[in-house]
Amino acid sequence: MKLLWTADLKMNTVHITDVCRALWHLRNVGGRGEIFNLCDKGHTTQGVISTMVSELFQIEHDYFGTILSNLARVNMTSAVEESNEKHLAPWSTACARDGIENTPLSPYIDKELLYNKHLSVDGRKIEMTGFHYDVPEVNVKLLKEIVEDYVAMGIFPPSLETWKMLV
């Protein structure tokens, strides 16, 4: 898997249980019209996520780096089309092979997500209200749980659970 830009691109994360807990917490202590960003303490980057995904699915990853990524940015539409063509067919094949007819999951990526833009917010404001994050950062075990939940829901092809093949 080869990615645009570098490993340092920020991509904040937050666990769904913390999102649900934060909503309930703010229902009780939040002020009307106040805005809170939610973000775990992991300082997650494209490199952190890519390393975990690579470990989980037993794939290798690398980066094009700044120079080649800037060249791709000149014709990002073409780069996105090429990436989507490369990933959509194998995904569809895996879904068909495993009997998944409808899923909200897709490897399709929008052009805007490939620009060199950090996806990062400050999630500390909510902590001033007494809230604390139970899941301080994403890890491989949590990603594996998510995939296993998706498989159980019938929206992720079980044949792609490569870690089960290694046992």
What distance do [X] atom [atom1] and [Y] atom [atom2] have between them, rounded to the nearest 0.5 Å?
X      : Y      : atom1 : atom2 : answer
His15  : Cys20  : NE2   : SG    : 10.0 Å
Lys144 : Glu55  : NZ    : CD    : 10.0 Å
Cys95  : Leu160 : SG    : CG    : 7.5 Å
Ile49  : Leu56  : CD1   : CG    : 11.5 Å

### Task
Carefully, step by step, assess Leu143 and Val138 under the rule side-chain contact (heavy atoms from CB on, under 4.5 Å).
CA-CA 7 Å; Leu143 286 179; Val138 67; 4.1 Å; yes
Looking at [X] and [Y], would you say the former's side chain and the latter's main chain have a donor-acceptor pair under 3.5 Å?
X      : Y      : result
Asn12  : Cys39  : no
Asp134 : Asp18  : no
Arg21  : His132 : yes
Lys41  : Val135 : no
Asp98  : Ser159 : yes

### Query
Residues in side-chain hydrogen bond (donor to acceptor under 3.5 Å, both in side chains) with Asp40, at least two apart?
Thr13
### Message
Regarding Glu145 and Lys141, does a basic nitrogen lie under 4.0 Å from an acidic carboxylate oxygen?
### Response
yes
If Ile, Leu, Val, Met, Phe, Trp and Tyr residues are connected whenever their side-chain heavy atoms lie under 4.5 Å apart, and connections chain through other members, are [X] and [Y] in the same group?
X      : Y      : answer
Leu142 : Phe156 : no
Leu105 : Met153 : yes
Tyr108 : Trp91  : no
Tyr150 : Met52  : yes
Ile146 : Ile59  : yes

What heavy-atom pair brings [X] and [Y] nearest, and what distance separates the two atoms?
X      : Y      : answer
Ser54  : Glu60  : OG-C, 4.1 Å
Pro157 : Ala94  : CB-O, 3.8 Å
His87  : Pro90  : O-CD, 3.4 Å
Asn84  : Pro107 : OD1-O, 3.9 Å

#### Entry: Crowding at CZ, Arg97 (>12 non-hydrogen neighbours, <6.0 Å)
yes
### Message
Under 4.5 Å side-chain heavy-atom separation, chaining through any Ile, Leu, Val, Met, Phe, Trp or Tyr, what else clusters with Leu38? Say none if it is isolated.
### Response
Val14, Ile16, Val19, Leu23, Leu26, Phe36, Ile126, Phe131, Tyr133
#### Entry: Stepwise side-chain contact (heavy atoms from CB on, under 4.5 Å) check, Lys125 with Glu34
CA-CA 10 Å; Lys125 179 180 173 185; Glu34 270 191 282; 3.7 Å; yes
